[in-house]
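Heads up, the thing below is written out as structure tokens.
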Amino acid sequence: ARCAPGYLSRRWLANAPRTGRSVHARDLARRNSNMSRDAHAPPRAPLAATETNALLSAPSPMPRDDDAGRKPSWSTVSRLAHLFPPPPPKFLGDFRADASDTDEESLEAGSEPGDDARRGRRASISAERTTDEEKTRGAHAVSRALIAAVTAKTKARAEARAVAEARAEAARRITEAAERAEEDKKARNRALVESFRAASRAAAAAATSLRFERKSERAAARDRREEIAELWAAELAFEGATNETFSGSGDRPSFGVGTTSTKPNSPPPTKEEARLHAAYARRETRDYGIRCAKCDAGASHSAAECDAISEALKKTSFFPPRVPPPPGFAEAVTNTEKGDVVDAKSAARACSALLLQRRTRSETQTWFANESPLSARLGFSELRLERRGLGPSLPSLNSFFALTFLDVSRNRLSCLPENLGDTCPLLETIDASANKLVVLPASLGGLFFLKKLVARSNRLATLPSLAGARALEHLDVSSNATLRTLPNDLVSVKTLRELIADGCVFLSSLPEALGEAQDDLKTVRARRCRLTKCPEGVSFAISLETLDLGSNSIAFLPDALGGAQQPSLRVVRVDDNLLRRLPRGLKCAAALEFFDCSSNALRDVAPLVGCGSLVDLNVADNAIAEMPRDLAGGPERARAAHEAKRLGLERARRVMTLFFARRRGECAGRRRGGGPGRGP
């Protein structure tokens with residue numbers, strides 16, 4: 001029977017489930033008008049839904065915790081459904097089969113008109129069915145290939161993720177192992193440092209104990225010397241009191257016998273005897289713990305009645321010594337009067353011993369007048385006259401031809417002898433500090449052997465020419481408030497090592513060529529002066545170590561200062577000046593350790609970048625906005641310091657190892673009974 005397309009469409013739409021498949025049914029009814037009216041088309045399963053269910057129900061490619069519930073994204077499913085539309089519905093073939101069976105039955109019953117047309121349609125339907133099946137199989141194959149590709153890609157990603165996580169875990173373990181090794185190394189280093197510090201503390205404690213013992217010994221020796229000096233002074237005073245009645249021939253009175261009497265009406269002891277008594281009583285009490293009730297009560301009693309003094313000391317016949325002249329003095333004077341000058345050194349020693357006992361101005365002048373014969377003066381090499389109040393002028397120094405050291409400091413002198421250079425031509429050191437000198441004698445400039453001249457804390461206005469002092473090494477004219485200039489011929493003294501002019505508040509300049517021809521110049525100090533310029537020659541002093549020009553009015557320094565020509569420059573102080581920039585030569589100052597440029601007008605300290613040995617830097621009170629990162633060597637110096645510290649720790653470890661090895665060897669030798677063992 002033939003089914004009407006309209007009826008089929010209405011019946012199918014009425015009975016079809018609400019699944020969105022009516023469009024396909026309508027198209028089939030429109031294209032095939034011979035479909036059976038009572039045939040029911042089975043529900044169609046779209047390819048997209050089928051593949052989606054397969055993907056959703058398929059197991060995960062990798063049995064991992066994070067991929068347990070992983071499913072293809074809906075965007076992938078939609079893309080597959082869009083690229084590969086669903087195949088023709090299965091019920092179309094069923095309808096076509098039903099139609100072909102009906103046609104075969106009618107042909108078996110008999111041929112009717114139109115059989116050839118039906119056969120042609122049947123053949124075309126079979127060909128279409130075969131083509132549709134091939135397309136369906138091809139679409140399924142492509143879908144399976146895509147799903148396999150997606151599955152392989154997901155699996156590859158999971159495997160790559162697993163490999164990356166494994167690598168990260170291995171890296172983490174390696175990092176932890178390295179950190180543990182570093183911590184162990186630090187712990188070993190700390191233990192080594194602690195052991196080294198313990199050894200250092202033990203050594204310091206031993207040194208402190210030794211110093212304390214030595215200090216105690218020195219204190220005890222000092223107490224003994226003071227006690228002896230006190231007893232000596234008391235004995236001398238007692239001797240002086242008893243010499244007035246002592247005739248000089250016969251027995252002299254002793255301390256315990258003849259000086260005091262136990263009779264009731266005896267006179268009280270003299271002051272000198274009382275002092276001597278007290279000195280001996282203190283010594284006996286301190287040494288033996290014996291005390292005297294009369295001494296404690298302050299009662300007047302003699303030495304024979306004192307309980308603190310032993311009976312042996314009371315019975316001792318002690319003769320207080322007189323003060324004789326130094327040994328050999330009389331013989332030296334006698335030989336000198338006879339014209340023998342061979343014993344000049346002995347006479348000089350005798351005169352020196354006498355001079356040590358002459359401390360006042362009158363005693364010293366008496367020594368010069370009566371106690372220093374010609375032969376003794378010829379043998380003098382040192383003459384120390386400090387703190388004797390000899391001002392305003394010195395006694396005559398005639399005949400001190402061999403004198404090399406002269407100290408006349410703190411004597412309130414206003415002048416030195418004009419012929420000092422002629423009478424003492426061998427002088428090497430002159431100390432005339434802390435006096436009231438206004439001028440130095442011109443003859444000082446002709447002292448060929450003069451090495452050290454100290455004239456600080458005086459009232460000098462000028463200095464004499466020093467061109468003839470060819471051996472001068474040290475010149476100190478500091479704290480001369482009236483000094484205005486230094487002699488220009490000072491630059492010709494090539495042996496000069498130290499020039500000190502601190503506190504000369506009116507000194508406005510230094511010799512311009514100072515240091516150019518003086519290869520041994522090491523120290524130049526002129527603080528708290530009125531300098532406005534640094535001498536150019538200072539930058540060419542190849543041995544310069546210390547330059548101190550602080551608290552002046554210097555506006556600039558020579559650019560060559562601190563260059564390669566001055567490899568020994570260590571200390572530079574130019575604080576409290578008017579500097580606006582630093583010399584470029586400081587870039588090459590490899591030995592510079594201390595640099596003070598505070599209280600200036602500096603804007604940068606770039607030249608100090610190359611100073612790898614800099615330890616102390618003061619740039620306070622300047623206009624510096626930023627400090628260079630590589631200042632004083634930067635990271636390179638830090639690495640060098642770290643390396644030096646490491647080498648020091650390594651050296652300390654080796655020392656401690658050798659020390660303990662030697663101790664173990666000694667202990668092993670003692671245990672064997674063979675004496676102290678030898679360490680490695």
Side-chain angles (χ1 to χ4, degrees), residues 381-383 401-409 416 420-433 437 439-456 458 460 462-480 483 485-502 504 507 509-527 529 531 534-549 558 560-572 591:
S381 61
E382 294 186 1
L383 188 58
F401 185 81
L403 197 63
T404 60
F405 182 90
L406 176 61
D407 187 358
V408 292
S409 59
L416 294 178
L420 181 61
D422 301 328
T423 56
C424 306
L426 302 181
L427 276 174
E428 296 180 0
T429 302
I430 299 177
D431 188 354
S433 58
L437 298 177
V439 64
L440 294 178
S443 58
L444 290 182
L447 291 174
F448 186 83
F449 300 99
L450 185 62
K451 294 182 179 180
K452 184 175 182 180
L453 176 59
V454 180
R456 62 174 177 268
N458 281 285
L460 299 176
T462 58
L463 292 180
S465 174
L466 298 174
R470 301 298 180 85
L472 186 62
E473 297 179 356
H474 181 93
L475 177 60
D476 187 355
V477 292
S478 57
S479 300
N480 281 278
L483 186 63
T485 58
L486 295 179
N488 290 326
D489 55 7
L490 186 63
V491 299
S492 62
V493 183
K494 296 184 179 181
T495 58
L496 188 64
R497 292 175 178 267
E498 297 182 8
L499 174 61
I500 303 175
D502 297 339
C504 300
L507 184 63
S509 65
L510 297 176
E512 188 66 22
L514 180 66
E516 286 186 2
Q518 295 161 324
D519 296 341
D520 296 330
L521 186 61
K522 294 184 177 181
T523 302
V524 176
R525 288 170 45 188
R527 292 185 65 85
C529 297
L531 300 179
C534 177
E536 290 287 341
V538 172
S539 60
F540 298 100
I542 59 177
S543 300
L544 188 64
E545 296 180 359
T546 302
L547 177 62
D548 190 351
L549 300 177
L561 181 65
Q565 76 281 1
Q566 293 179 322
S568 304
L569 186 61
R570 298 187 300 106
V571 179
V572 176

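Looking at Leu460 and Leu437, their side chains come closer than 4.5 Å, going by heavy atoms from C-beta outward. Within the 4.5 Å cutoff, the side chain of Leu406 has heavy atoms near those of the Leu420 side chain. A heavy-atom distance below 4.5 Å is not found between the side chains of Val538 and Leu549. Considering only heavy atoms from C-beta on, Phe405 stays 4.5 Å or farther from Ser381 through its side chain. The shortest distance between side-chain heavy atoms of Leu453 and Leu447 does not fall below 4.5 Å.
A donor-acceptor contact shorter than 3.5 Å is absent between the side chain of Asp520 and the backbone of Lys522. Gln518 contributes a side-chain N or O that, together with a main-chain N or O of Leu490, makes up a donor-acceptor pair within less than 3.5 Å. A distance-only check finds a donor-acceptor pair linking the side chain of Thr495 to the backbone of Arg470 [under 3.5 Å]. The closest donor-acceptor contact from the side chain of Gln566 to the backbone of Ala541 lies under 3.5 Å.
Annotation: the span from Leu499 atom CG to Leu486 atom CG amounts to 6.0 Å, rounded to 0.5 Å. The distance from the CG atom of Asp502 to the SG atom of Cys529 is 6.5 Å, given to the nearest 0.5 Å. For the atom pair Cys534 SG and Leu547 CG, the distance stands at 5.5 Å (nearest 0.5 Å). Once rounded to the nearest 0.5 Å, the distance linking CG of Asn488 with OG of Ser509 reads 8.0 Å. The distance from atom OG of Ser543 to atom CD of Gln565, rounded to the nearest 0.5 Å, is 11.5 Å. The line from CD of Glu473 to OG1 of Thr429 is 9.5 Å long, rounded to the nearest 0.5 Å.
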Apply the test side-chain hydrogen bond (donor to acceptor under 3.5 Å, both in side chains) to residues Ser465 and Asp489: give CA-CA distance (whole Å), side-chain angles for both, the deciding distance (0.1 Å), then the verdict. CA-CA 7 Å; Ser465 174; Asp489 55 7; 2.3 Å; yes
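The minimum heavy-atom distance between His474 and Leu496, with the atom names listed, is N-CD1, 4.4 Å. Looking at every heavy atom in both residues, Gly515 comes nearest to Leu521 through CA-CD2, 3.9 Å. The minimum heavy-atom distance between Ser539 and Ala560, with the atom names listed, is CB-C, 3.8 Å. The heavy-atom pair separating Pro535 from Pro511 by the smallest distance is CB-O, 3.4 Å. When every heavy atom of Leu475 is checked against every heavy atom of Leu463, the shortest pair comes out as CD2-CD1, 4.5 Å. Between Ala469 and Val493, the shortest heavy-atom distance links the atoms O-CG1, 3.5 Å.
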